[in-house]
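Everything below concerns the one structure shown next.
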Amino acid sequence: AEKRLVDYRFAPKWFQSSICFPDDSFKSLVGADGQLLYDYSGYGGNGKLFPYACNTGFSTVIHILPDENVKFRGQQLESAKIPTVITTSSVYGMQVRQTAFASAAFLFNNTTPQHPLTSDREDIVWTVIPNTTKQDHTLSPVIVVNTDKSVSAQDRCITIDSARRLISTLPATKVRDNLSINKFFIHLEPVTVKAGKSLSFAVAYDNGMKSDICDEMVANPEAMLEKVPSMYETCCKYWQNNEEVPFGKIIVPDKEISNLLEAAARGIWQAREIKDGSIHFQVGPTCYRGLWVVDGAFLTETAGILGKGDDARNGIDHILSLQNGEGGFANLTPNFWKENGLVLWTAVHHALLTQNKEWLAGHWEKLSRTVDYISVLREKTYQNPYPEDDGLIPPGAIDGGLWGGDDQPEYSNVLWNIAGMKAMIQAAEWLDKKEDAAKWHAIYDDFYATFQKATERDAAVDSYGNRYLNNMMK
């Protein structure tokens, strides 16, 4: 039999890696060749650089090249736990190692980070080039800045958009911006690397904030460069010993499967954000940098499974705070009806997972209003011109590829509201709320019977004889 192993043979050719801290409001990303990716423009935005999702990309990309003749070889993280990105390349027979990592004041003053960070949060690229050849080589380092913003350079300081600084331990000699629109070449001072010697230089980006590191790099670049290795070591130790991210909670013998699990947990915590004191379990750092109730249900479930029940409850409490005056939820769009069932299922599932009856009982009135709102939605189906959904849930947004609409009766919103009601009946029985359980059971039985009747009408059979239900009603 073929040996089964994780070898990443299907990995995409282009990718990005997050180097930010847990709950960081600066979602710093590194591209496949070591580029620093900033200013993702979001849905409908004008970001033209690396438009990998929704036809939008980044508005600012910074690429630090030791020489324009460099040839890229590969990239890896320090480890599954440590999201520092190491990009390898070669030039004139010399091997180049560029390490991108995030830096923040709390790493060095032994304090707890207070999010959102408002100062001293840098991204650093550290380049090391040992000359193991038998001859000297002169390198002409260059920083390529693709941006629709203004760019200027003076000595070691490159200014982007008048307020953001990119500081190099090597001074700039000239700026060339006539090659193409929104593309700037900042040439750094050429350096000769003697045979048997090594070149090291660093670049720090201040994210548009006050930065002591950047100030020191301008004032005393050589002293600052000497500190970079210890700064990197501090960053690695922070991640390796991090107790905030639930590392090591799932143990499997296969090393690469373990790495995937550790990286997945880390990624969830890096995508999160603290807003107004609440944890937002966000889906990602770019086009999905936001709170989606559907995804949040499973992200909070994961947090609970990994022993972070307090974090999960904090995130669910925030979701519950989004309830509208009718008792419903419409965070994504006004007709994303499934959010109601999802919120119910999420709250009940979390309480059962963590065996926290007190927390669930504390939200009972709010959750009960959502159950009542599902009945309101069912009544609305008799007021629209689509008899297919009578007694179920009105047409609404679907997501997941099929967006749907107000004129397309479908099942995804129906199924999640059925699941939410079923969860609340289970919760009522668990909390010994017999009156609620009996009342909701009668409503649920009618809801489910109506659903079953509709499925008999809409069920189909594929070419292999498998019976299935299309998401769209007939």
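We count residues from 1, following the sequence as given. Values below: all heavy atoms of this structure, side chains included; hydrogens, waters and symmetry mates excluded.
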Looking at [Y] and [X], is any side-chain nitrogen of the basic one under 4.0 Å from a carboxylate oxygen of the acidic one?
| X | Y | answer |
| --- | --- | --- |
| K474 | D458 | no |
| R289 | E273 | yes |
| D148 | K48 | no |
| R272 | D311 | yes |
| K227 | E233 | no |
| D446 | R378 | yes |

> Does the side chain of W364 come under 3.5 Å of the side chain of D436 through a donor N or O and an acceptor N or O?
Replying inline: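 The criterion, which ignores hydrogens and geometry beyond distance, is satisfied for D436 and W364.
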>> When you compare the side chains of Y232 and T84, does any donor N or O come within less than 3.5 Å of an acceptor on the partner?
In response: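 Result is yes, a qualifying pair exists.
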>> Walk me through whether F72 and H63 qualify under ring-ring contact (aromatic ring centres under 6.0 Å, His included).
In response: CA-CA 12 Å; F72 294 99; H63 205 179; 5.3 Å; yes
Nearest heavy-atom neighbours spanning [X] and [Y]:
| X | Y | value |
| --- | --- | --- |
| L166 | Y205 | CD1-CB, 3.8 Å |
| N207 | R164 | C-CG, 4.3 Å |
| G304 | L353 | C-CD2, 3.9 Å |
| I19 | A102 | O-CB, 3.2 Å |
| K380 | P394 | CB-CG, 4.0 Å |
| E122 | S211 | OE2-OG, 2.7 Å |

Mind checking the [atom1]-[atom2] spacing from [X] to [Y]? Nearest 0.5 Å is all I need.
| X | Y | atom1 | atom2 | result |
| --- | --- | --- | --- | --- |
| K183 | L49 | NZ | CG | 9.5 Å |
| D33 | T87 | CG | OG1 | 7.5 Å |
| I250 | I305 | CD1 | CD1 | 7.5 Å |
| I374 | E379 | CD1 | CD | 13.5 Å |
| L367 | L360 | CG | CG | 6.5 Å |
| K308 | T354 | NZ | OG1 | 14.5 Å |

Counting distance only, does the side-chain N/O of [X] pair as donor-acceptor with the main-chain N or O of [Y] below 3.5 Å?
| X | Y | result |
| --- | --- | --- |
| D161 | A163 | no |
| Q75 | G31 | yes |
| E244 | W269 | no |
| D254 | I257 | yes |
| K338 | I398 | yes |
| T159 | S162 | no |
| D24 | C20 | no |
| D389 | P409 | no |
| Q16 | V30 | no |
| N471 | S412 | yes |

> Could you walk me through whether H350 and E301 pass the side chain to side chain donor-acceptor pair (under 3.5 Å) check?
Replying inline: CA-CA 6 Å; H350 172 75; E301 180 185 25; over 6 Å; no
> So, do F58 and F50 have ring centers that fall under 6.0 Å from each other?
Replying inline: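 Between F50 and F58, which both carry aromatic rings, the centre distance is not below 6.0 Å.
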> Do T111 and N109 pass the side chain to side chain donor-acceptor pair (under 3.5 Å) test, and can you show the C-alpha distance, the side-chain angles, and the key distance before you say yes or no?
Replying inline: CA-CA 6 Å; T111 59; N109 57 24; 2.6 Å; yes
>> Test salt bridge (charged side-chain N to carboxylate O under 4.0 Å, His left out) on K149 and D39; report intermediate values, then the result.
In response: CA-CA 11 Å; K149 300 164 178 60; D39 303 328; 3.6 Å; yes
>> For Y8 and E256: C-alpha separation, side-chain torsions, deciding distance, then whether side chain to side chain donor-acceptor pair (under 3.5 Å) applies.
In response: CA-CA 10 Å; Y8 306 101; E256 282 306 311; 2.5 Å; yes
Any side-chain heavy-atom pair from [X] and [Y] closer than 4.5 angstrom?
| X | Y | value |
| --- | --- | --- |
| D123 | S103 | no |
| N340 | W416 | no |
| P395 | N384 | yes |
| W337 | N417 | yes |
| V203 | I167 | no |
| F451 | L415 | yes |
| Y38 | S59 | no |
| K210 | D120 | yes |

> Would R313 and E358 count as a salt bridge (charged side-chain N to carboxylate O under 4.0 Å, His left out) if you check the C-alpha gap in whole Å, the side-chain angles of each, and the deciding distance to 0.1 Å?
Replying inline: CA-CA 12 Å; R313 276 188 295 280; E358 182 180 356; over 6 Å; no
> Under the side chain to side chain donor-acceptor pair (under 3.5 Å) criterion, do R266 and S18 qualify, and how do the steps go?
Replying inline: CA-CA 10 Å; R266 169 178 53 75; S18 176; over 6 Å; no
> Checking ring-ring contact (aromatic ring centres under 6.0 Å, His included) for the pair F21/F26: CA distance, chi angles, key distance, verdict?
Replying inline: CA-CA 8 Å; F21 297 108; F26 296 92; over 10 Å; no
>> Below 30° counts as parallel, above 60° as perpendicular, anything between as tilted: where do the rings of W345 and F298 land?
In response: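 Taking F298 first and then W345, their aromatic rings sit tilted (interplane angle of 30° to 60°).
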> Any idea how H441 and Y444 line up, ring-wise: parallel (<30°), tilted (30 to 60°), or perpendicular (>60°)?
Replying inline: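 Because their plane-to-plane angle is over 60°, the rings of H441 and Y444 count as perpendicular.
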Tell me which donor-acceptor pairs under 3.5 Å the side chains of residues 319-334 have, and how far apart each pair is, sequence neighbours excluded?
from : atom 1 : to   : atom 2 : distance (Å)
S321 : OG     : H318 : O      : 2.4
Q323 : OE1    : R369 : NH1    : 3.3
Q323 : NE2    : G327 : O      : 2.9
Q323 : NE2    : K366 : O      : 2.9
Q323 : NE2    : T370 : OG1    : 2.9
N324 : OD1    : E326 : N      : 3.0
N324 : OD1    : G327 : N      : 3.2
N324 : OD1    : G328 : N      : 2.8
N324 : ND2    : G328 : O      : 3.4
N331 : ND2    : L291 : O      : 2.8
T333 : OG1    : N335 : OD1    : 2.9
T333 : OG1    : F336 : N      : 3.3

